[in-house]
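Below is one structure, written out as structure tokens, with a few remarks after it.
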Amino acid sequence: MNSRPTQQQNQAHGGANRDMPPELGSDSIGIFEGRTFMLSNSVGDVPGDSIAGLVHDDTRYLSRWQMTLDGLAPLVLSASTVDAYSAAFFLANSELPGLRANRIGVRRERFVGDGMYERIAVQYFGTEPVRVRLRLDVGVDFADLFEIKKAGRSRIADIRRTHLSDGSALRFSYQNSHWSAGTTVEADPPADQVEGDALIWDVHLGRGDTWDCELRVLLNCQGADYQPASRTFGEAHDTGGDDVTARWAANKPDLSADSELLRNVYHKSATDLMSMHIVKEINGQKVVLLAAGMPWFLTVFGRDTLVTAYQSISCGPDVARGALVTLAAHQGDAVDDFSDEEPGKILHEFRSGELTQLGVVPYGPCFGSADTTQLWLILLSEYWRWTGDDALVRQLRPNADAALRWIDEFGDRDGDGYVEYATRSPGGMRSQCWRDSPDGVQFADSTLPDLPVATCEIQGYTYDAKLRAAELADGPWADAPLARRLRAEAADLRDRFNRDYWLPTRGGYYAIGLDAHKRPIDSMTSNMGHLLWSGIVPPERAAVVARWWRGS
């Protein structure tokens, strides 16, 4: 075991920034499916040197995607997403020499999923024949997700180009040690000219004429090829074979209600939820689970994946099962300071980009959460309550035992009965709770507490996890002594927590946490609202907490 973290380590934090790209404007367009997303401005363009682009599996495969007509960007008539994975852009020409504005209409239809597919349709509404040069500038930087929002090293000199002279394809490839990536842009019809990394078409149009082009962006990720299919609006991507996401959608309960709005909200929410699906293969079996969010968090997370699976289990158990099995397969089994891994701990975040694969950042996976292990136990219990699946609960018993040991041995860093956190990694996260921004946990006077910190909601999760594990011990595990011990530990935690965390000032509330010196961190935050879910709050205080939480 290592010594107490240094002040420099205490201040360290990691993770991708949640901000959307401001330079694209408030009307930027983002579409996504699975691990792939595309961010652009309202024209459909990705300007160079922006944080937008086509990203798959934590690597940016397009860093520039700009269309011009005779050198000028088109005017935006309207632009919006159609489905989570598709968008439509309706454009017109700017004022050009010899051609008034709005004489040429341009429609871009875009779809993502295993790459990107885009159709460009041009229609002329003038009277006299015209010739217009349509140019598509393409840029590829293969930036890691962690580099997109901040300066990273340039790979320009290491990117190989093998463009086809007939204008049918631009090809980019990159390799660093065992890491490799490639982007291919296929055009039909082929461009009339290839200029650098740009495709150029000379389009001749008479009155009422139309011109169409199809573009496919193919990806190569670590030797695996991904090719987008031609799609139309409203048409989901056909993965072929046993589609676990389609099965989940087909098996979810159907909602009947007098309110059309309620029905629409339910079905749209389910559709949006499954647009963030990730399919994994664990021990030869495909499972589905949900990513944490668009755009920067389309990956496996501990906290977000577990809570979303818990909240959506009424729509079917497949997502919860996938989360349980996947996170159990990557459960910590060693002490590793770089990633904050510990035996029995459930991961915080799993990344796949170059920086992770080459060991530059600690996200392969990162274990910087002090609540995911308890949430995994809570989801295991909730899954069993809904399904009665004794077989899976028995199969995961070793993982549950390891999780319970982590709570008592590694989670409780100083033996005071509370689960604390403090990163040991120079690239780790300072805050390892629900409020995981670096300054998310602070005193009321805005000073940051010394680590380790034991936040209130983590203790609530621990209380709930032990009670639920006791229920499993009485049930499919058939371990009565374990059940008795866990209930006794939960009761003791509840008593101590309500003594140490309750602050009588301001009408009474729970401190956000205890600092390294066991001083209550006196900020009033929404963290205490989580306590109502856990059951650790006594009835006489529940109404007070609910009142504060509604106003926080």
Side-chain angles (χ1 to χ4, degrees), residues 13-18 32-37 55-60 143-148 178-179 181 221-222 224 244 276-283 285-310 319-376 379 396 399 402-403 406 421 423-425 427-429 432-434 436:
H13 62 90
N17 193 303
R18 286 178 168 82
F32 65 99
E33 185 171 82
R35 300 295 316 276
T36 307
F37 71 85
V55 176
H56 172 78
D57 212 15
D58 300 331
T59 298
R60 181 160 64 180
D144 188 279
L145 187 81
F146 289 106
E147 299 175 310
I148 293 176
H178 61 273
W179 169 258
C221 182
Q222 289 284 70
V244 291
M276 293 192 294
H277 73 276
I278 298 174
V279 177
K280 299 276 286 183
E281 186 167 318
I282 305 295
N283 298 324
Q285 179 184 12
K286 284 187 177 180
V287 297
V288 62
L289 67 161
L290 300 178
M294 163 76 176
W296 312 117
F297 295 88
L298 293 176
T299 188
V300 178
F301 267 69
R303 181 187 308 115
D304 304 64
T305 297
L306 289 163
V307 170
T308 306
Y310 179 97
V319 167
R321 181 186 179 95
L324 290 167
V325 171
T326 300
L327 293 172
H330 299 289
Q331 188 175 27
D333 59 8
V335 174
D336 179 63
D337 288 356
F338 184 61
S339 65
D340 282 327
E341 179 182 1
E342 291 163 340
K345 197 175 188 183
I346 297 297
L347 65 86
H348 166 67
E349 180 179 352
F350 207 148
R351 294 292 180 175
S352 305
E354 177 186 356
L355 298 185
T356 296
Q357 295 298 315
L358 299 184
V360 178
V361 295
Y363 286 87
C366 164
F367 288 84
S369 289
D371 54 6
T372 50
T373 308
Q374 300 92 317
L375 289 169
W376 185 89
L379 181 62
L396 296 176
N399 303 96
W406 177 86
Y421 62 78
T423 183
R424 301 188 308 275
S425 173
M429 302 178 69
Q432 300 191 359
C433 61
W434 177 68
D436 61 3

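Note that the structure is predicted; figures quoted are calculated from it, not measured.
- Once rounded to the nearest 0.5 Å, the distance linking CD of E342 with CG of D333 reads 12.0 Å.
- A salt bridge links R35 with D58: the closest approach of a Lys/Arg side-chain nitrogen to an acidic carboxylate oxygen falls below 4.0 angstrom.
- T356 contributes atom OG1, which lies 5.5 Å from atom CZ of F146 (distance to the nearest 0.5 angstrom).
- For the residue pair D340 / T423, a side-chain donor-acceptor distance below 3.5 Å is found, with atom types taken as modelled.
- One finds the CG atom of L145 at 5.0 Å from the CD1 atom of I148 (value rounded to the nearest 0.5 Å).
- With a 4.5 Å cut-off on side-chain heavy atoms, P362 and S425 count as touching.
- Rounding to the nearest 0.5 Å gives a distance of 12.0 Å between CZ of F301 and CG of L327.
- Looking at Q357, its side chain never comes within 3.5 Å of a backbone N or O of E354 through a donor-acceptor pair.
- Between V55 and T36 the shortest side-chain heavy-atom distance does not fall below 4.5 Å.
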Please assess D336 against F367 for the test side-chain contact (heavy atoms from CB on, under 4.5 Å), listing each intermediate value before the final yes or no.
-> CA-CA 10 Å; D336 179 63; F367 288 84; over 6 Å; no
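- Here the shortest heavy-atom pairing between T59 and G353 reads OG1-CA, 4.1 Å.
- Ring geometry for H330 versus F350: interplanar angle over 60°, hence perpendicular rather than tilted (30 to 60°).
- Panel note: side chain Q374, backbone A370; a donor-acceptor pair is recorded below 3.5 Å.
- R303 places a side-chain N or O within 3.5 Å of a backbone atom of C433 that can act as its donor or acceptor partner.
- Rounded to the nearest 0.5 Å, atoms CE (M429) and OH (Y363) are 5.5 Å apart.
- For the residue pair H348 / T372, no side-chain donor-acceptor distance below 3.5 Å is found, with atom types taken as modelled.
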D144 and R60: CA distance, side-chain angles, deciding distance, side-chain contact (heavy atoms from CB on, under 4.5 Å) verdict = CA-CA 7 Å; D144 188 279; R60 181 160 64 180; over 6 Å; no
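- V335 has its side chain within reach of P343: a pair of non-hydrogen atoms, C-beta onward, lies under 4.5 Å apart.
- A distance of 9.5 Å separates OG1 of T373 from CG of L306, quoted to the nearest 0.5 Å.
- K345 has its side chain out of reach of Q331: every pair of non-hydrogen atoms, C-beta onward, lies at least 4.5 Å apart.
- Remark: E341 does not engage R424 in a salt bridge, criterion side-chain N to carboxylate O under 4.0 Å.
- Here the closest non-hydrogen pair linking A323 and T305 is CB-CG2, 3.8 Å.
- If you check the side chains of Q222 and W179, you find no donor sitting under 3.5 Å from an acceptor.
- The main-chain N or O of D371 is never found under 3.5 Å from a side-chain atom of S369 such that the two would form a donor-acceptor pair.
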